[in-house]
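Here the structure comes first, spelled out in structure tokens, and everything after it is commentary.
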Amino acid sequence: MEQVLQQRRRDSLLRVAMPTKRLSPTLIEIDGKQLINFGANDYLGLSWNAKELDSILHDETTGSGSAPLISGYSQHHCHLESVIAGFEGSESAIVFSTGYAANVGTISAIAQEGDLLLSDSLNHASLIDGCRLSKAKSIVYPHNDVQAIHEILKQHRSGFRRCYLATDTLFSMNGDLANLTEIAHLAHDFEMTVIVDEAHATGVYGARGRGWVEECGLEDSIEVRIGTLSKAIGCVGGFVHGSQVLVDYLRNFARTYVYSTSMPESVASNAARNIQKLSGMNAERSKIREASQSFRKQLSEQGLRVPIGDSPIIPIFVESSAKTISAAQRIRELGFFVPAIRPPTVPNDQCMLRVSLSVHHTKEQLDQLQDGLVDAVS
Ligand SMILES: Cc1ncc(COP(=O)(O)O)c(C=O)c1O
């Protein structure tokens, strides 16, 4: 272990956990220094509603005491599931203790021996781990490459009983969006079930904030939809929604659900409250997407490698791990926190500083960060 850690350090890839103190939706303190935080997934600022917390519930129970199928499924968990189903317009929903557990448990329970499972090369680790745990034959396709998916299906589909494709909708590192419309066409033509992870898209895309599937108008054709309570919903936990059969199946066969303690009741109650706010947040959705578009445009006009788009996850590609670390350090000296993203989280040639926007960032803060990035990366 020591040798491997030393090698990671030499390669500028060592990870350390830094104690941080969150002071406001956009301000954190690290090592006694206050920084504007561009490293959180709390896109709509919903993790900050302390005034509304259910203090009695919060004080009385700190844990749920058990796995859900024993005694850890309270009226608050049940209520949260019906709020999720209502918000998403689905027949039913099931809540997991994390988004990670939702992905791992769902994919490994659904895709079985004798099935074919396609997975995007830039999928989140939890989707990848779900594929690894599944007994299906798993094939990784190049990122968002619809032609490659088509070729794989033409070559392999007939040799398998059922076929699944698992993809993030808003990719967590690159901040780009899955080619869902084309994927849905292929799913129709090849009898393939699409499993999407809307972790970063919930709350940010769609007329009611349901995510990228809603924005693409594909709610009737994508059967397995996974989300997390930890990003725009501002809590912690994961969920899957869809048909009653899907939910009943996962409640019985998703091992990360059956064999893990459910989230505390206070979390379930606060998550339900935050979800009920999402559909009314169109102004916030527009604001953050417009801010992203102009931020990206201005950075690329100044010569930085930033793709166009409107998602709140903005990658600024940097040549190497070492340069990414030194740029992140320089940014901190200038008063901002922007995480350095390096392998194995991303491929070797895709090191980046990843800016995550909040609807609470001011124009002035964005302008200052822009100047800081040009200084740190150029
Ligand atoms: C795309 C994606 N899916 C799932 C997860 C896991 O969600 P959670 O943090 O709620 O466990 C993450 C977290 O970073 C993610 O980025």
Side-chain angles (χ1 to χ4, degrees), residues 15 17 20 22 37-44 46-47 77 80 84 93-108 119-133 140 143-144 165-178 180 183 194-205 210-213 222 224-241 250 254-257 260-264 267-268 270-272 274-275 278 309 311-315 339-342 344-346 350 352 354-358:
R15 265 66 162 168
T20 60
R22 299 178 68 212
N37 187 8
F38 286 95
N41 308 310
D42 183 19
Y43 306 115
L44 302 174
L46 288 183
S47 76
H77 297 91
L80 173 59
I84 292 170
I94 175 171
V95 167
F96 290 71
S97 47
T98 65
Y100 189 99
N103 278 327
V104 169
T106 301
I107 295 174
S108 59
S119 170
D120 190 290
S121 61
L122 292 191
N123 271 346
H124 185 261
S126 53
L127 292 157
I128 296 172
D129 291 352
C131 295
R132 287 179 181 164
L133 263 182
V140 176
H143 176 52
N144 237 344
L165 179 146
T167 183
D168 287 13
T169 54
L170 170 50
F171 286 86
S172 55
M173 297 298 143
N174 276 27
D176 58 348
L177 291 150
L180 268 196
I183 289 173
V194 181
I195 303 173
V196 293
D197 175 12
E198 293 261 51
H200 292 272
T202 305
V204 176
Y205 286 95
R210 292 175 178 173
W212 185 232
V213 171
I222 299 207
V224 186
R225 292 156 66 190
I226 306 174
T228 172
L229 302 169
S230 65
K231 319 277 185 222
I233 295 168
C235 293
V236 68
F239 60 90
V240 182
H241 61 97
L250 293 176
R255 293 169 67 82
T256 54
Y257 177 80
S260 186
T261 299
S262 55
M263 63 177 54
V267 175
N270 287 313
N274 282 358
I275 289 168
L278 285 183
S311 87
I313 302 172
I314 306 176
I341 308 290
R342 297 154 290 156
T345 306
V346 289
Q350 287 182 30
M352 64 175 82
R354 184 185 59 170
V355 171
S356 297
L357 298 185
S358 155

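Every number for a ligand or one of its atoms is a count from 1 in the order of the listing.
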Query raised in the report: Do the non-hydrogen side-chain atoms of Asp197 and Asn123 ever get within less than 4.5 Å of each other?
Result: no
Query raised in the report: Under the side-chain contact (heavy atoms from CB on, under 4.5 Å) criterion, do Phe38 and Leu357 qualify, and how do the steps go?
Result: CA-CA 6 Å; Phe38 286 95; Leu357 298 185; 4.2 Å; yes
Query raised in the report: So, Arg354 versus Thr345: side-chain donor-acceptor pair below 3.5 Å or not?
Result: no
Requested in this report: Heavy-atom distances under 4.0 Å are what count here, so tell me which part of Asn103 touches ligand 1: side chain, backbone, both or neither.
Outcome: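 Side chain only.
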Distance from [atom] to nearest protein heavy atom, with residue and atom:
| atom | value |
| --- | --- |
| atom 15 (C) of ligand 1 | His124 CD2, 3.2 Å |
| atom 13 (C) of ligand 1 | Lys231 NZ, 2.6 Å |
| atom 16 (O) of ligand 1 | His200 NE2, 2.6 Å |
| atom 6 (C) of ligand 1 | Tyr100 N, 3.5 Å |

Report task. May I ask whether Gly238 has any heavy atom positioned less than 4.0 angstrom from an atom of ligand 1? Result -> no
Report summary line: Note: heavy atom closest to atom 1 (C) of ligand 1, options Thr167, Leu122, Ile233, Asp197, belongs to Asp197
Query raised in the report: Polar-atom distance check: Ala199 versus ligand 1, any N or O pair below 3.5 Å?
Result: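 Such a contact does not occur with ligand 1.
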Report task. Mark up the atoms of ligand 1 that fall under 4.0 Å of a heavy atom belonging to Ser230, in ascending order. Result ->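 Reading through ligand 1 atom by atom, the close ones are 8 (P), 9 (O), 10 (O).
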Query raised in the report: Thr228 heavy atoms, cut-off 4.0 Å: which ligand 1 atoms fall inside?
Result: 7 (O), 8 (P), 10 (O)
Requested in this report: Please name the pair of heavy atoms, one in Pro312 and one in Val204, separated by the smallest distance, quoted to 0.1 Å.
Outcome: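 Nearest pair, atom of Pro312 first, then Val204: CD-CG1, 3.8 Å.
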Query raised in the report: Minimum heavy-atom separation for Val240 to Thr106, with atom names?
Result: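 The answer is CG2-OG1, 3.3 Å.
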Query raised in the report: Ile195 and side-chain contact (heavy atoms from CB on, under 4.5 Å): which partner among Thr167, Asn103, Ile226?
Result: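 For Ile195, the side-chain contact (heavy atoms from CB on, under 4.5 Å) test succeeds with only one of Thr167, Asn103, Ile226, which is Ile226.
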Query raised in the report: Roughly how far apart are Leu127 CG and Leu122 CG, rounded to 0.5 Å?
Result: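 Output value for this atom pair is 11.5 Å.
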